[in-house]
Amino acid sequence: MLGITLVHAVLMTIFVLDLVERQRDFLQAYNIEQTKSLADTLSANSVSWVLANDVVGIEEIIQSQQGYPNLRYAMILSPEGRVIAHSNKLYNGQYVTDETSNKLLVAEIETQHLQISLGLVDIAVPIVANEKFIGWARVAIDGDAYAAGLQVISRDGVIYTLIAIVVGGIFAVFMARGMTADLQKLVHVASSVSEGSSERVAVNREDEIGELAEDFNRMLDTLEENSRCQRELEQELRSRRDTLEEQVKERTIELEHARDDALQATVAKSAFLASMSHELRTPLNSIIGFTSIVASKKVGDLNEEQVRQLNMAHASAQHLLGTINDILDISKVEAGKEGVIATFFDVRSLLTELIELMTPQFDKKRLTVKFEIQGGNIDLCTDRDKLWRILLNLLSNALKFTHQGGVSIRCKKEPQGLAIEVEDTGIGIKEDDIETIFNAFEQVDSDDSRRYTGTGLGLTICRQYLYLMGGDIKVRISPGQGSCFCIFLPASCIASCDLTDSAETGG
Ligand code: ADP
């Protein structure tokens, strides 16, 4: 604030000084102009009187100048410096001797500014007649009055400047106080709002501070609105989270109930199947036994048709028994009652036994069956019965779906474990059916397959058993247009290895 007042004072002072200076220059120029004009008039009017050496006439002309305000003196001088006529008659006839006049006597014959100051302007103009210099017309005008006027102007200027500075200072102080007070209000409200208050700035001004206060209040309104929305959203979020938690709890309870129900249903199903299979297997075994006895004609003679019919009933009962056994096996796995009973055995003995069992059936269809163990015999430690059942099922299928050629089994160790491939030269499997044949009761729906008996459970059981043993089964189309089923057993099923033997072949 002091700075503003000082700048204000300096500017005002410069302005007044400049004004006074200009006024002084103007007055001096005006004085010079007036004095020269008077001297010119005096010179022109006195030519004939000087030529005639008429002192009375010249004095009259001088006297006529007397009425001019501030005239200090007017005189006509001869070229030698003698006063021919003077506004103060006492000087008439005398010679001028002062320093200024002496300069004039030796000066060029032209207008001479003998003295130019604010207090006095003294100008001499040559009197010339017929190009002959005959004297000087000299006029001096007093500038004291102008100087006094200038002093008054300067003094007034200083006074007005001081008044302006004081008034300006007071005005500036009041302005600053007003601004500071309102700005302090802003600061106060900002700090109280940050502490949670909903106060607003009360500034009734229409200047920039007023606009600032309005903008500030608007900003606070927006902030309050935003935080209110945020609070509502948080509340909504909390309530939704609570609801969600509640719903998750409810669903969890429902799922637990459903799981318990499902477990109970599975137990009930297993119990049902176990009792049903028992109930069915007992009479079925009786049927199989009695039809076999009767068909063997041990209890009486039969004609050929009766034997054929009995054999058909016997075969149907066998098939039914196989289906019931399969269903029982699957239900046991699903109920979690089937476990892995690991024993030590070697692959070669297992395959030799299996092939021996199946060879008569293969021979009957004039098919070959052989196996190969790459890298020597392999000792295993896993569930032998299940692996037997899996390989038996694959060989039975290969036998069923192959009409010429034969089946070959290949075993080899891989970094991940053991791979056994059962490849036949049979009817093969379409690409689209590769995934579905492992589903329960799934049989390939083709004209050709309808000629084959089966339940569609064999491969399902194979896969379930392999899952239990930590393995898997896949099928691929054999290059010979047959099928190739690949069993994988994990490395943990391999008991030891013997890499010294080369490939062995059996069958
Ligand atoms: P099924 O008792 O019908 O043989 P599987 O589960 O063992 O039941 O086999 C399912 C189906 O997969 C069979 O019906 C057959 O269509 C197809 N399949 C299985 N093995 C072979 C194979 N070696 N060659 C061609 N098709 C096969």
Side-chain angles (χ1 to χ4, degrees), residues 273 277 280 284 315-334 338 351 354-355 357-359 361-372 385-411 419-469 471-488 507:
L273 286 172
S277 64
L280 288 172
L284 262 177
S316 296
Q318 288 274 24
H319 179 250
L320 194 56
L321 186 63
T323 306
I324 289 166
N325 284 336
D326 284 350
I327 290 173
L328 189 65
D329 289 341
I330 285 182
S331 64
K332 270 165 114 182
V333 174
E334 285 177 352
E338 195 66 70
L351 290 176
L354 196 61
I355 300 259
L357 182 75
M358 298 289 290
T359 300
Q361 296 172 62
F362 276 91
D363 287 347
K364 208 172 164 187
K365 284 186 78 176
R366 295 171 197 269
L367 298 173
T368 60
V369 56
K370 57 181 180 177
F371 73 88
E372 179 189 353
D385 288 347
K386 288 196 173 61
L387 186 56
W388 171 276
R389 177 81 191 276
I390 292 162
L391 289 169
L392 183 65
N393 190 57
L394 294 180
L395 272 177
S396 301
N397 279 347
L399 177 68
K400 189 162 52 174
F401 295 107
T402 306
H403 304 299
Q404 58 182 7
V407 180
S408 51
I409 304 170
R410 281 184 299 280
C411 298
I420 305 174
E421 292 181 352
V422 180
E423 187 175 18
D424 62 45
T425 54
I427 61 169
I429 298 167
K430 280 188 261 169
E431 194 79 36
D432 293 347
D433 298 324
I434 280 177
E435 282 305 312
T436 54
I437 56 169
F438 291 100
N439 297 339
F441 302 106
E442 200 76 52
Q443 290 177 301
V444 174
D445 186 16
S446 74
D447 290 344
D448 197 28
S449 73
R450 284 196 191 116
R451 293 193 278 117
Y452 305 100
T453 56
T455 58
L457 291 171
L459 290 177
T460 312
I461 293 171
C462 285
R463 189 157 71 171
Q464 296 290 356
Y465 278 2
L466 280 163
Y467 283 169
L468 277 176
M469 294 158 78
D472 201 356
I473 182 169
K474 298 261 186 276
V475 63
R476 60 178 158 82
I477 312 296
S478 161
Q481 287 305 309
S483 320
C484 184
F485 286 86
C486 312
I487 296 169
F488 299 99

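Side chains are part of it too, since the values below use all heavy atoms of this structure and drop only hydrogens, waters and symmetry mates. We count ligands from 1, going down the list as the structure has it; atoms in each ligand are counted the same way.
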- Query: Taking only heavy atoms of Gly458, which atoms of ligand 1 are found under 4.0 Å from at least one of them?
  - Reply: 5 (P), 6 (O), 7 (O), 8 (O)
- Is any NZ, NE, NH1 or NH2 atom of the basic residue among Arg476 and Glu421 found under 4.0 Å from an Asp or Glu carboxylate oxygen of the other? yes
- Query: Does ligand 1 have any atom that is closer than 4.0 Å to a heavy atom of Ser483?
  - Reply: yes
- Query: Below 3.5 angstrom, do we get any N/O pair linking Gly456 and ligand 1?
  - Reply: yes
- Heavy-atom nearest option to atom 25 (C) of ligand 1, drawn from Gly482, Gly428, Cys462: Gly428
- Task: State, to 0.1 Å, how close Ile461 and Arg389 come at their nearest heavy-atom pair, and which atoms those are.
- Result: CD1-NH2, 3.7 Å
- Does Phe401, backbone or side chain, put an N or O under 3.5 Å from an N or O of ligand 1? no
- Query: Between Arg410 and Glu372, does at least one N-O distance fall below 4.0 Å, as a salt bridge requires?
  - Reply: no
- Message: Tell me the contacting part of Phe438 for ligand 1: side chain, backbone, both, or neither, using a 4.0 Å heavy-atom threshold, strictly below.
- Response: neither
- Item | Proximity of Leu459 to ligand 1 by residue part, where a heavy atom lies under 4.0 Å | both
- Message: Going by the closest heavy atom to atom 20 (N) of ligand 1, which one wins out of Asn397, Thr323, Ile429, Asp433?
- Response: Asn397
- Should Asp329 and Lys386 count as an ion pair when the cut-off is N to O under 4.0 Å? no
- Message: One thing to verify: whether Asp472 and Arg463 come together as a salt bridge, which I'm taking to mean a side-chain N less than 4.0 angstrom from a carboxylate O.
- Response: no
- Message: Any nitrogen or oxygen of Lys400 lying under 3.5 Å from a nitrogen or oxygen in ligand 1? Just yes or no.
- Response: yes
- Distance filter under 4.0 Å to Leu457 heavy atoms, resulting ligand 1 atoms: 6 (O), 8 (O)
- Shortest non-hydrogen contact between Leu367 and Thr402, atoms and distance: CD1-O, 3.5 Å
- Query: Are the side chain of Thr425 and the backbone N or O of Gly406 linked by a donor-acceptor pair below 3.5 Å?
  - Reply: yes
